[in-house]
Amino acid sequence: MTELRKTLRASLAEARARLETALREEGFGILTEIDVAATLKARLGLERPPYLILGACNPSLAAKALEAEPEIGLLLPCNVVLRETEGGVEVLIQDPEAMFRVLPEATQRALAPVAEEARTRLSRALSRL
């Protein structure tokens, strides 16, 4: 996997609040939320530790990416995972530079500045946690 990662000694609610604040300071908002543990319990009766997938978006970066490649929506927004572990709450953020490597080379070149800026902003947000 190619992600940015950090483990916090905090409750899931505290880790989420800190994460959302740090992301907001970098121009990102949360567009979507998937409560994986609740979904697995409701649909399959499986008990799992808390596991959230948040869809983070920086509108100006998304606009630049869509301008360069209209089909980039297939790879947006940036996924952020919060999952409870024995050591605390693990925060994983999808690395935009790595994610865009699945694209054709010409598209990668066109999107490189956007991916680099997104990674820099997400890395800074993670470092604030």
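Quick note: numbers below take in every heavy atom, side chains included, and nothing from hydrogens, waters or symmetry partners.
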**Message:** For residues Leu66 and Met99: do they belong to one hydrophobic cluster (side chain heavy atoms under 4.5 Å, members Ile, Leu, Val, Met, Phe, Trp, Tyr)?
**Reply:** yes
**Message:** Could you report the tightest heavy-atom contact between Cys57 and Leu31, atom names first, then the distance?
**Reply:** CB-CD1, 3.3 Å
**Message:** For a quick test of reading the model, state the closest non-hydrogen atom pair linking Val89 to Ala10 and the distance between them.
**Reply:** CG2-O, 3.2 Å
**Prompt:** Hey, what do you get for CG (Leu82) to CD (Glu33), rounding to the nearest 0.5 Å?
**Reply:** 9.0 Å
**Message:** Let me confirm one number: the CG-CG distance from Leu23 to Leu122, rounded to the nearest 0.5 Å.
**Reply:** 6.5 Å
**Item:** From Leu52 atom CG to Asn79 atom CG, the distance as rounded to the nearest 0.5 Å
**Value:** 12.0 Å
**Asked** Would you say the side chain of Lys41 lies within less than 4.5 Å of the side chain of Arg48, judging by non-hydrogen atoms?
**Response** no
**Item:** Least distance between heavy atoms, Pro49 atom then Glu84 atom
**Value:** CB-O, 3.9 Å
**Prompt:** Rounded to the nearest 0.5 Å, what separation is found between the NZ atom of Lys6 and the OG atom of Ser123?
**Reply:** 11.0 Å
**Asked** Would you call Arg16-Glu20 a salt bridge at under 4.0 Å N-O?
**Response** yes
**Asked** Shared ILVMFWY cluster between Leu126 and Leu92, side chains joined below 4.5 angstrom?
**Response** no
**Prompt:** Which atoms form the tightest heavy-atom contact between Pro59 and Gly27, and what is the distance?
**Reply:** CD-O, 3.6 Å
**Asked** Distance from Ile93 atom CD1 to Leu54 atom CG, nearest 0.5 Å?
**Response** 10.0 Å
**Request:** Mind checking the CG-CD spacing from Leu8 to Glu14? Nearest 0.5 Å is all I need.
**Result:** 8.0 Å
**Prompt:** Is the side chain of Thr7 donor-acceptor paired with the backbone N or O of Gly88 at a distance under 3.5 Å, no angle test?
**Reply:** no
**Shared hydrophobic cluster for Leu40 and Ile53 (ILVMFWY, side-chain gaps under 4.5 Å)** = yes
**Message:** How close do Ala118 and Phe28 get, counting heavy atoms only, and between which atoms?
**Reply:** O-CZ, 4.3 Å
**Same apolar cluster: Leu46 and Tyr51, side chain cutoff 4.5 Å** = yes
**Request:** Locate the shortest heavy-atom distance separating Thr32 from Pro77; write the atom from each residue and the value.
**Result:** OG1-CG, 4.5 Å
**Message:** Would the distance check show the side chain of Asn58 and the main-chain N or O of Glu26 forming a donor-acceptor pair, the cut-off being under 3.5 Å?
**Reply:** yes
**Message:** Do Leu61 and Arg121 have side chains that approach each other closer than 4.5 Å (heavy atoms only, starting at C-beta)?
**Reply:** yes
**Leu74 with Ile72, same ILVMFWY side-chain cluster at under 4.5 Å** = no
**Asked** Is it true that atom CZ of Arg128 has more than 12 heavy atoms of other residues, nucleotides or ligands lying nearer than 6.0 Å?
**Response** yes
**Message:** Could you check whether any side-chain N or O of Gln108 sits under 3.5 Å from a backbone N or O of Leu103, counting only pairs where one atom can act as donor and the other as acceptor?
**Reply:** yes
**Request:** Would you check if the side chain of Glu90 reaches a backbone N or O of Arg83 as a donor-acceptor pair within less than 3.5 Å?
**Result:** no
**Message:** Is there a side-chain contact between Arg24 and Thr21 in this structure, where contact means two heavy atoms from C-beta onward sitting under 4.5 Å apart?
**Reply:** yes
